2 protein chains.
Amino acid sequence: MIRLLIADDQALVRGALAALLQLEDDLEVVAEVARGDEVVDAARESKPDVALLDVEMPGIDGLAAARLLRDAVPTCRVLMVTTFGRPGYLKQAMAAGASGFVVKDTPARQLADAVRRVHSGLRVVDPTLAAESLTQGDSPLTDREADVLQAARSGGTVAAIAATLFLSEGTVRNHLSSAIGKTGARTRAEAVRVAVDNGWLLPH
Amino acid sequence: MIRLLIADDQALVRGALAALLQLEDDLEVVAEVARGDEVVDAARESKPDVALLDVEMPGIDGLAAARLLRDAVPTCRVLMVTTFGRPGYLKQAMAAGASGFVVKDTPARQLADAVRRVHSGLRVVDPTLAAESLTQGDSPLTDREADVLQAARSGGTVAAIAATLFLSEGTVRNHLSSAIGKTGARTRAEAVRVAVDNGWLLPH
DNA sequence: AGCTTGTCGTGACACCTGTCATGGTCACGT
DNA sequence: ACGTGACCATGACAGGTGTCACGACAAGCT
């Protein structure tokens, strides 16, 4: 019997996922949480064998939750189940100690298989995503450039970004210019779009 | 026995949703589709009583699908089941002939109830969303302003927007300026963010 | 007929942005 | 010790952006 923890902020999806997996004879859902910061506590209590984590959750995101879970409950393997197949998320998830990464667009039947494989110590990765991840490589952005781009997401001016990051306006412009160049964009808004699409920015 | 059609682009969610609803004695899933443009054909063939439509789908979005479905199969009632609780989507959904609108964050138990209520001719609307929708009112943007803002989403320059819309650059700037003023934003990027959050722009 | 509103356009102006040159500090690996 | 690269900053400049004033036309309303 494989014990499962399911973490997803959408109650409907979470419940439906649990219902689907509960149908399998060798799977048992022992915990459900809606927030990233509830994952560790729930795992400590219910001792699951595999945790299914969504990337996008309130509290802390699934990536950070995976990191914490790896330290707190090392016996629990992590399978990321996410909506968006951003190649960058895959890298971050693997770096965070996840054993698998599948998008919600995969056939339903494959999920149970993925859970069993992860439980037996194998790694499960969406093949198309893995290919994208390889061809595209790592994020070309430096930490600071990513910070500035992240701050630019809400659409504020350079002055606003500089204020929130405690930087000079000129520095912000330089980082933005560099990020725009690296993303092949022509404006900061376009650079944000490219970076988000590739998973180079943290979920929000 | 209530016959159901489920339309959602995420295979996992679609299957899980079907599994969950199949558990109810009086519900029967007779069709599942992954694209908006497959809804009408599937409905013609399987004659469902209620169609559960996601707003965001490839092909055509759930709003447009609801409009087509209303004309093609008038006996089939529409229940929108969406991820994002944008108040504007609710208005558009109701205008498109939907009988209900719930977000995926609602408790699982309530979905079956919502289906039954919709089937019996009642309207089902997420209460918090309805409140937001009332307080906030309609979109203040004119059609053209929405068009320009929509074109500005990808992050292109004024020249690019003007080219795609066959307008003068000055006109584009005027519409943008007006939209920025109406949204209370200070830059076009912020205006886009506000408009998207409120559902004043079409899904994409 | 008058009025309002949305749409499209021009021109002008202050300001913001993106880019570049330049220079400094710090951490890192050789 | 030295080179490299990320990081921070300043200053300057061309060009893009947001705003405003003004005009013109069509559609709808009183």
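Just so it is clear, the values below take in all heavy atoms, side chains as well, and ignore hydrogens, waters and symmetry mates. Small disclaimer: the values here were computed from a predicted structure and weren't measured. Just so we're on the same page: letters track the sequence lines, and every chain starts at 1.
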Quiz item: Hey, does A:Arg186 reach any base, or is it just sugar-phosphate, or nothing, if we go heavy atoms under 4.0 Å?
Solution: nothing
Practice problem: Using a 4.0 Å heavy-atom cut-off across all strands, classify B:Thr171 as base, sugar-phosphate, or nothing. | Solution: base
Exercise. Would you indicate what A:Ser177 reaches in the nucleic acid, counting non-hydrogen atoms under 4.0 angstrom: base, sugar-phosphate, or nothing?
Key: base
Quiz item: So what does A:Asn174 touch, heavy atoms closer than 4.0 Å: a base, only the sugar-phosphate, or nothing?
Solution: base
Self-check item: For atom CD of A:Glu169 and atom P of D:dA12, their distance in whole Å
Solution: 16 Å
Quiz prompt | Earlier contact from the 5' end, DNA chain C, for B:Lys182 and B:Thr187 | solution = B:Lys182
Practice problem: Ignoring backbone atoms, establish whether B:Arg188 has a side-chain N or O less than 4.0 Å from OP1 or OP2 of D:dT17. | Solution: yes
Practice problem: Under 4.0 Å between any heavy atoms, over every strand shown, what does A:Arg144 touch: base, sugar-phosphate, or nothing? Just pick one. | Solution: sugar-phosphate
Practice problem: May I have the distance from B:Asp143 (atom CG) to D:dA27 (atom P), rounded to whole angstrom? | Solution: 16 Å
Self-check item: Nucleotide D:dC20, atom C1' - distance to CD1 of B:Ile180 in whole Å
Solution: 14 Å
Quiz item: Within the pair A:His175 and D:dC8, is there a side-chain N or O less than 4.0 Å away from OP1 or OP2?
Solution: yes
Quiz item: Quick one: which of D:dG18, D:dA12, C:dG9 gets closest to the side chain of B:Ser168?
Solution: C:dG9
